[in-house]
Structures are given as C-alpha cells and as structure tokens.
Colleague: 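Sharing a structure, written as structure tokens. Questions coming.
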Amino acid sequence: MRLTDLRPLMGRRRDGALSFQRFRTDPTVAALRWPDDVLEQLLFDHGDNTAFVNDYNTIDLHTVTWQLEAIPAAHFTGMPTGGSDEGCIENYAKNPVHWVTVRPPQVVRCWEKHGTWLRPPLLIERRLLDPDAGGLQVLEGRTRVGVLRGRLREHLHVAPEHRAWVGRP
C-alpha cells in the first residue's frame, strides 16, 4: 500500500467526515498496525499533502515497522528531509527561540526543562527510499529538528538524546 492508495480515506478526512478515532480504526489503516502517534502525524495530518506524497509515495507502507528510539542529539545535525522541503529544517534552525515560543506553553516548558521536544518526530531509514542510501531522514517533525539544531548552535539547553519514532524496513 502506498500513500496514494489512501486518497478516498483522506478525502473523507479532509471533508471533516472522519475523526482520527474513526480514521485509525478503518480496516485499511488498522492493517498497518502502526502506533497511533505515527498514524496521526504521518497519515492523518499529511497523507494527502501533495508534496509529501510526491516525496514518499514509493514506500510500501506495509513494509515499515515503527519503534520509539533514543537518538543522540548530534545525529540530527545533518539529517535530511524530503526533497520538497529541502532547506526548511535549516530555516527553523535560524531562529529556534521563536519557533519554540510560538508553540503551546507545554512545548516551551519541555524545551526549557528537558532540552527536547514534547512529541517525538518521525524518522525513516533512508533505504526505504533508496536501497543504496544509509542513515535516517526526517519524515515529520521538521520544525522540531530545526529547533534542536538551532539550540545546539546557540548553546541553549539540549538533552544528549531525543526520543523519535523510527520507521525501518
């Protein structure tokens, strides 16, 4: 199953006829057996974004297994994202304080107290896109990763490791 296979379902979501609760229990989505946080961030929030679909439609969704992992902060410094969003992580990194303060207060508190994000972003092994590629790629959470990069550069409080959902074949 590819992202484009979800078009009918995404149309119902876009029309407001489908809550996340109903979306996650749809047989097509439930068959993936993905964590709710991944389903919401990836498919429910972005599954019909044209640029996102163009970047990731080659992935067979049934072949991806998700696990919450601790990733060292340094690993995020050069991690790419999809081609349609090239450069956006660096744009967020230019002003990390701004991108935190425009978020809800609990996000601000999490960065200040723990030096990390409140909600784990989604990363994928790049070989899901190209069998010869290595490393991880930011799938969702470009703002969060940009804030982390910027905070590292500005020597603001940053935890040594950060939880992220990692999709692997």
Colleague: Out of the candidates L32, T63, I59, only one should pair with M1 under the side chain to side chain contact (heavy atoms under 4.5 Å, CB included) rule; please name it.
Modeller: L32
Colleague: How far apart are the C-alpha atoms of E90 and R153, what are their side-chain angles, what is the distance that settles it, and do they pass the salt bridge (charged side-chain N to carboxylate O under 4.0 Å, His left out) test?
Modeller: CA-CA 11 Å; E90 281 306 312; R153 284 189 203 133; 2.7 Å; yes
Colleague: For Q137 versus P80, what's the shortest heavy-atom pair and its separation?
Modeller: CG-O, 3.3 Å
Colleague: Can you measure from CZ (R144) to OH (Y92) and round to the nearest 0.5 angstrom?
Modeller: 11.0 Å
Colleague: Are D26 and L18 packed together at the side-chain level, in the sense that at least one heavy-atom pair is separated by less than 4.5 angstrom?
Modeller: no
Colleague: Measure the CG-CG distance between D48 and L3 for me, rounded to the nearest 0.5 Å.
Modeller: 10.0 Å
Colleague: Quick check: are there more than 12 heavy atoms from other residues, nucleotides or ligands sitting under 6.0 Å from CZ of R7?
Modeller: no
Colleague: Does the pair R151 and H157 meet the rule for a side-chain contact (heavy atoms from CB on, under 4.5 Å), with working shown?
Modeller: CA-CA 7 Å; R151 289 177 69 89; H157 176 47; 3.9 Å; yes
Colleague: What distance separates R2 CZ from H62 NE2, expressed to the nearest 0.5 Å?
Modeller: 10.0 Å
Colleague: Which atoms form the tightest heavy-atom contact between P120 and A164, and what is the distance?
Modeller: CB-CA, 3.8 Å
Colleague: Under a 4.5 Å cut-off applied to non-hydrogen side-chain atoms, are K94 and N91 in contact?
Modeller: yes
Colleague: Please confirm whether the backbone N or O of C88 pairs with a side-chain atom of D85, one donor and one acceptor, at under 3.5 Å?
Modeller: no
Colleague: Output, in order, the C-alpha distance, side-chain angles, deciding distance and verdict of side-chain contact (heavy atoms from CB on, under 4.5 Å) for V29 and F44.
Modeller: CA-CA 10 Å; V29 174; F44 191 74; over 6 Å; no
Colleague: Rounded at 0.5 Å granularity, tell me how far CG in L122 sits from CG in L136.
Modeller: 12.0 Å
Colleague: Might you point out which heavy atoms bring I124 and Y56 nearest each other, and give the distance in Å?
Modeller: CD1-CE2, 4.0 Å
Colleague: Linking I/L/V/M/F/W/Y whenever their side-chain heavy atoms sit closer than 4.5 Å, directly or via other members, would L156 and V102 fall into one cluster?
Modeller: no
Colleague: Quick one: do T143 and R103 satisfy side-chain contact (heavy atoms from CB on, under 4.5 Å)? Show the steps, please.
Modeller: CA-CA 11 Å; T143 305; R103 302 290 182 220; 3.1 Å; yes
Colleague: Just wondering, do I71 and V166 contact through their side chains at under 4.5 Å, heavy atoms?
Modeller: yes
Colleague: For M10 and F23, work out which heavy atoms get closest and say how close.
Modeller: SD-CE1, 3.8 Å
Colleague: Can we call the ring centroids of W165 and W66 under 6.0 Å apart?
Modeller: no
Colleague: Mind checking the OG1-CH2 spacing from T101 to W99? Nearest 0.5 Å is all I need.
Modeller: 9.5 Å
Colleague: Can you confirm whether more than 12 heavy atoms, excluding those of E154, are under 6.0 Å from its CD atom?
Modeller: yes
Colleague: Would you list the atom pairs, donor with acceptor, under 3.5 Å between side chains in residues 108-116 and any protein atom, with sequence neighbours excluded?
Modeller:
{"residue": "T116", "atom": "OG1", "partner": "H162", "partner atom": "ND1", "Å": "2.6"}

Colleague: May I ask you to decide if A73's main-chain N or O and T77's side chain share a donor-acceptor pair within less than 3.5 Å?
Modeller: no
Colleague: So which atom in D55 and which in S84 form the shortest heavy-atom distance, rounded to 0.1 Å?
Modeller: OD2-OG, 2.5 Å
Colleague: Would V97 and F76 show up in the same hydrophobic cluster when neighbours are defined by side-chain heavy atoms closer than 4.5 Å?
Modeller: no
Colleague: Give the cluster check for M79 versus L128: same hydrophobic cluster or not, with ILVMFWY residues linked at side-chain heavy-atom distances below 4.5 Å.
Modeller: no
Colleague: I need the single residue from L139, V138, V145 that forms a side chain to side chain contact (heavy atoms under 4.5 Å, CB included) with R142. Which is it?
Modeller: V138
Colleague: Are F52 and L6 connected in the hydrophobic side-chain network, where two residues link if heavy atoms are under 4.5 Å apart?
Modeller: yes
Colleague: Applying side-chain contact (heavy atoms from CB on, under 4.5 Å) to E140 and L42, what does each step give before you reach the verdict?
Modeller: CA-CA 7 Å; E140 169 49 16; L42 174 56; 5.8 Å; no
Colleague: Enter the distance from R24:CZ to L39:CG here, rounded to the nearest 0.5 Å.
Modeller: 7.5 Å
